[in-house]
Amino acid sequence: MSSLGFSEEKLTVLLTESQIQTRIGEIAAELRAAYGEEPVLLVGILKGSLYFLADLSRHLGPEIEIDFLAVSSYGGEMQSSGVVQIRKDLDSSITGKHVLLVEDIVDTGLTLSYLRRMLHTRQPKSLRVVALLTKDKAMDHPAEVEFNGFLIPDEFVVGYGLDVAEKYRNLPFIATLQLGSSS
Ligand code: IMP
Ligand code: MG
């Protein structure tokens, strides 16, 4: 057990807290280069992007605004259902704004392509995606993610916002999760 009580035998660290934070600083530099002084609306996709958006946004300047979308595509299971449900829409209009979708992880890419189509109809000035993690199988659709943190193997991961059945989101690192038979 760790001092916080997380069972370590099922978790294998994939990305440490310092690797994540270093990469976020680099992504922020890429974003500043891409947008300059233009105002940008960061749209966090709840709940998985919560820590990523919080940490990333603190590297950006005063020109940003923050809004959230809540979607569900997994229903508590570890396989994508392919069905994306909007549970909470944006608070305000995105028409004419630079919109940057902030996503935790791109797996099949189904969630993103749905959201892109939906948000495109609202006529933003631009619509881009920053994802902390992209599974390498999602690279069949590389155009879906303009800014990516890490390319990771096709394994189920938890921590730093990512959950399995709402658990492990609050780990400060990202780990692969082996489903133990004893739990
Ligand atoms: P996609 O539609 O298959 O790309 O799935 C995207 C969403 O599924 C992500 O935003 C996550 O919420 C969830 N997801 C996909 N892979 C994982 C994983 O390895 N761990 C935890 N959640 C995941
Ligand atoms: Mg998500």
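Numbering of ligands and ligand atoms starts at 1, following listing order. None of these values were measured; they are calculated from a predicted model.
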Q: Would you mind listing which atoms of ligand 1 come within a distance below 4.0 Å of any non-hydrogen atom of Leu162?
A: 21 (C), 22 (N)
Q.
My understanding is that we take every heavy atom of each candidate and find the minimum distance to atom 11 (C) of ligand 1. Doing that for Ile105, Ile45, Leu46, Leu112, which one comes out nearest?
A. Ile105
Q | Check: Gly109 N/O within less than 3.5 Å of ligand 1 N/O | A | yes
Q. Any idea which atoms of ligand 1 are less than 4.0 Å away from a heavy-atom of Glu155?
A. 19 (O)
Q: For Lys135, take its heavy atoms, then give the atoms of ligand 1 lying under 4.0 Å from any of them.
A: 16 (N), 17 (C), 18 (C), 19 (O)
Q) Out of curiosity, is Asp104 lining ligand 1, as in a heavy atom under 4.0 Å away? A) yes
(Q) Taking 4.0 angstrom as the limit and counting only heavy atoms of Thr111, give me the atoms of ligand 1 inside it, by number and element. (A) 1 (P), 2 (O), 5 (O), 6 (C)
Q. Can you tell if the side chain of Phe156 reaches within under 4.5 Å of the side chain of Val158, non-hydrogen atoms only?
A. yes
Q. Excluding sequence neighbours, so at least two apart, what forms side-chain hydrogen bond (donor to acceptor under 3.5 Å, both in side chains) with Asp91?
A. Lys88
**Q.** Gly48 touching ligand 1 at heavy-atom level, < 4.0 angstrom
**A.** no
Q) Is the side chain of Ser57 donor-acceptor paired with the backbone N or O of Ala54 at a distance under 3.5 Å, no angle test? A) yes
Q) Any idea which atoms of ligand 1 are less than 4.0 Å away from a heavy-atom of Glu103? A) 10 (O)
Q. Are any of the side-chain nitrogens in Glu30 or Arg23 under 4.0 Å away from the carboxylate oxygens of its partner?
A. yes
Q | Charged N-O contact under 4.0 Å between Lys47 and Glu103 | A | no
Q: Provide the number and element of each atom of ligand 1 under 4.0 Å from a heavy atom of Asp163.
A: 21 (C)
Q: Check each heavy atom of Thr108 against ligand 1 and say whether those closer than 4.0 Å belong to the side chain, the backbone, both or neither.
A: both
Q. Any N or O of Val106 that comes nearer than 3.5 Å to an N or O of ligand 1?
A. no
**Q.** Those residues that, when tested against Arg128, pass salt bridge (charged side-chain N to carboxylate O under 4.0 Å, His left out) (two or more places apart)
**A.** none
Q: Using a strict 4.0 Å threshold on nitrogen-to-oxygen distance, state whether Lys125 and Glu38 make a salt bridge.
A: yes
(Q) Between Lys97 and Asp67, does any side-chain N to carboxylate O distance fall below 4.0 Å? (A) no
(Q) Closer than 4.0 Å to some heavy atom of Leu110 - which atoms of ligand 1 meet that? (A) 2 (O), 4 (O)
Q | Worked check of side chain to side chain contact (heavy atoms under 4.5 Å, CB included) between Leu15 and Leu133 | A | CA-CA 10 Å; Leu15 297 166; Leu133 308 172; 3.6 Å; yes
